[in-house]
Structure formats: C-alpha cells, structure tokens
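Have a look at the structure below before the remarks.
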Amino acid sequence: MELAYIPSPSSGVLYLGPVPLRGYAFCIIIGVFVAVWLGNKRWIARGGRAGTVADIAVWAVPFGLVGGRLYHVITDYQLYFSEGRDWVDAFKIWEGGLGIWGAIALGALGAWIGCRRRGIPLPAYADAIAPGIAIAQAIGRWGNWFNQELYGRATDLPWAVEITSSADGRMPGTYHPTFLYESLWCIGVALLVIWADRRFTLGHGRAFALYVAGYCAGRFWIEYMRVDEAHHILGLRLNNWTAVLVFLLAVLYIVLSARKRPGREAVVEPGAGDGEGPAADAGKTDGGAAGKDASAEDATDTDDAGKPGKSEKPGKFEKSDESEGPAEPEESKDGAGSAKKA
C-alpha cells in the first residue's frame, strides 16, 4: 500500500462560468511569459533595447507551437490517423502533444524572420533567451500532470504520481513522474547556462547550444523511463535517438564556434548603443536646447582682450560703443553741434 504519492487532478479543465481554463494551455502560456521576461532582462544586459525580445517572440512563439504540434502528430500519427481515430483531434493542441524538437526547430525559423526584420544576429538573440526557454519547458511540463500523461514505470516511491484515468490505454496506479523529473532538470539547465554565460562570457550562440546539449543529456535518461506508446529503433525510443543526435550537434557547434569566433558580440542590436528610440529622442531634444543655451552664453563671452565673441558682429558693437560711450564735454558738444547745425 502506498503511503505517499503525488495526486493527479481529477480534471485538466477548470471552468470560469462558460469559459474553460485548460491546465495544459495555462502552463504553456505562463512559460512563454516567463521566457520573454527573462530574455528581455538578459537582452538589455547585453546592450539591446527593451521590448525587442517580445517583438521577435511574436514570430517565434506561433512558429514554435506549430512546429511542436507537427512533430508530435508526425511521430505519433497512429494516435490520429489509425482505425477508429478522428484526424480532427490532430488540431486539438489544448489536449496535449507538443514535441520540443519541432517547437525549437520551427521556433528558431520564426525567430530568424523576426531578427532579420530588425537587423539582429540570431545567435545573440538565442543566447539571451536560452535560460528562459529552459524555464518555460519546466513550467510547461506541469501541463502533462494536468492531462495525466508522460509518466514512467510503475513505482511505490513517495514522490510517485497517481494516475486515475483509464483513457487511451492508461492503467490506474502510481508511476515515476517523468514530467516532474524533466521539469527539475530544465531548471538545472537554466541555472547552468546562466552561470556558464557569466563565467565564460559565452557568445555567438554558444549559450543556446549549451542549453540544447544540457537538455538533451537529461531528456535521454528521462525518455528511457517513459512507458507511453512510441516508435522504437534498435531498441531505443525515437526521442532517445533524437536526443543523442541533437546533443552531438550542439557540442560540435560549441567547439567549432569557440575556435572560429571566440568572445561575445560587441553589438547585438544596431543603433541601440547610439541611444535611438523615444528616450534618446528626448535626450536629443534636451541636448539641443542645452546646446542652444550654451551657444547663447558663448555669444556674450569676451576674450581676455575685451573683444566680442566670434558670433558677434563687430559693426554692431562699434555702433553700440558710440551710442553708449561716455558723454562728451559741454564745450565740444556746443561747438561741434552748433557748427553742424549751421
């Protein structure tokens, strides 16, 4: 008899009146917001503008969702296109089923489009958002808990997850909570990337590659524990082989990139260092006013010889000197003045 376990929700949907709030979708949305928030802070610290990460995420997130769903449907096509299945279910993303491999691949394509429109190097953007993506995955994995899916072999450990649903071939019982293992692993990967980025000043996509390699290392052993239906190649699940291949590619990229382009990008967003944008425009206005004031002051300054500044016209000063000079003696005024009148 199990003394302790993690209970599963009786339903993955909560209703606010007629509005359904699905736990799976809710976790995905929270994860996206956290990733953008953290990515924005890291982007600003690298010299970029505030808001750029969110602007590019408008491209990356939809592409990522489509890519994640496509990968899941293609690799688990029997769930939607086999006999007795309804292919329309392939579009019901809220019921679960996103492949991280497809999400990252197509999400990168969307990010590339957004970066290209802004003249930003994609590797620099990827480095900034890498830890945020890992944390987003950690949050998103709890959506599998709401759907009672992605669990491992049966166990009576105190942290086992209780599965109560019998839909889609599930057998009620207590199992390894592989969704929890992956969630904790992703948090560890995020911390690793943040530490390594500060310690070694990673750039040119190496922080992102480290996230990919770290995630794949954990995904391999976590995937090996899962018992849900999957395609196998040479005794290993398809996602195990994918994790191995992507891990090797990420490590190879880190090595080659470090040799070819050591250090970090000096500029990540064109014009950001020049102070363009609303705040800079205000500064330019203030600076212009200050410059005018300074010019006005310079115009009234005189040099050591008492001569007017270069912006003043000598003719005007000569005229002013004549009109404001000391009064002439009375004799001169009377004599000269009378003679002129005569």
Side-chain angles (χ1 to χ4, degrees), residues 1-14 22-28 31 68-69 71-85 89 92-103 134 136-189 214-244 246-247:
M1 179 178 181
E2 298 85 3
L3 298 178
Y5 53 82
I6 301 173
S8 291
S10 57
S11 174
V13 185
L14 298 176
R22 302 183 183 276
Y24 186 88
F26 194 60
C27 291
I28 296 295
R69 189 60 174 178
Y71 182 89
H72 169 73
V73 172
I74 292 172
T75 56
D76 290 313
Y77 62 87
Q78 71 280 357
L79 299 177
Y80 307 99
F81 303 105
S82 60
E83 186 178 355
R85 299 284 184 168
D89 292 341
K92 298 179 180 178
I93 191 172
W94 56 87
E95 294 183 353
L98 288 175
I100 186 61
W101 317 111
Q137 287 180 253
I139 297 172
R141 273 307 177 206
W142 283 90
N144 302 126
W145 175 64
F146 280 98
N147 287 351
Q148 297 196 31
E149 59 188 3
L150 299 192
Y151 48 87
R153 294 185 291 270
T155 181
D156 58 357
L157 290 171
W159 56 83
V161 62
E162 182 189 30
I163 300 300
T164 58
S165 174
S166 57
D168 295 326
R170 298 185 183 95
M171 295 183 62
T174 55
Y175 300 87
H176 278 284
T178 51
F179 73 90
L180 174 61
Y181 299 160
E182 186 169 336
S183 179
L184 296 175
W185 183 270
C186 287
I187 293 175
V189 170
Y215 173 76
C216 289
R219 179 62 184 266
F220 181 86
W221 68 268
I222 293 171
E223 185 74 22
Y224 191 75
M225 297 178 64
R226 285 168 51 173
V227 295
D228 53 302
E229 185 178 358
H231 296 285
H232 288 71
I233 301 175
L234 299 177
L236 288 178
R237 294 164 65 95
L238 175 61
N239 283 332
N240 282 115
W241 289 108
T242 305
V244 170
V246 176
F247 173 84

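In this text, all values refer to a predicted model and were calculated from it rather than measured experimentally. Numbering of residues begins at 1 and proceeds along the displayed sequence.
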Practice task
Work out which heavy atom in S8 is nearest to a heavy atom in I163; give both atom names and the distance.
Solution key: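 Result for this residue pair: OG-CD1, 4.1 Å.
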[atom1] of [X] to [atom2] of [Y]: how many Å apart, nearest 0.5 Å?
X    : Y    : atom1 : atom2 : result
L236 : W241 : CG    : CH2   : 5.5 Å
R22  : K92  : CZ    : NZ    : 9.0 Å
W145 : Y24  : CH2   : OH    : 15.5 Å

Practice task
Could you tell me whether F26 atom CZ has more than 12 heavy atoms of other residues or ligands within 6.0 Å of it?
Solution key: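 No, not enclosed.
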Exercise for the section: Identify, with sequence neighbours excluded, every residue that meets side-chain contact (heavy atoms from CB on, under 4.5 Å) alongside L184. Expected result: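 Once residues adjacent in sequence are excluded, the partners of L184 under the side-chain contact (heavy atoms from CB on, under 4.5 Å) criterion are L180.
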Exercise for the section: Please identify each residue that fulfils side-chain contact (heavy atoms from CB on, under 4.5 Å) with D76, with sequence neighbours left out. Expected result: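 D76 satisfies side-chain contact (heavy atoms from CB on, under 4.5 Å) with H72, Q78, L79 only.
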Exercise for the section: Look at the rings of Y77 and H231 and say which category their plane angle falls in: under 30° parallel, 30 to 60° tilted, over 60° perpendicular. Expected result: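 If you compare the ring of Y77 with that of H231, the planes turn out parallel.
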Problem - Passing candidate, side chain to side chain donor-acceptor pair (under 3.5 Å) with W101, options T242, T75, N239 - result: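 Between W101 and the candidates, side chain to side chain donor-acceptor pair (under 3.5 Å) is satisfied uniquely by N239.
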Handout entry: Student check: side-chain heavy atoms of Q148 and E162 closer than 4.5 Å
Key =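 Sidechains of E162 and Q148: no contact.
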Handout entry: Distance-only side-chain donor-acceptor flag, Y181 / H176, under 3.5 Å
Key =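 There is such a pair (donor and acceptor under 3.5 Å, judged by atom type) between the side chains of Y181 and H176.
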Exercise for the section: Give a yes or no on whether the backbone of R226 and the side-chain of T178 come within a donor-acceptor separation of less than 3.5 Å. Expected result: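 Looks like no, no N/O pair under 3.5 Å.
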Practice task
Please report the C-alpha distance between M225 and Y151 in whole Å, then the side-chain angles of each, then the deciding distance to 0.1 Å, and finally whether the side-chain contact (heavy atoms from CB on, under 4.5 Å) criterion is met.
Solution key: CA-CA 8 Å; M225 297 178 64; Y151 48 87; over 6 Å; no
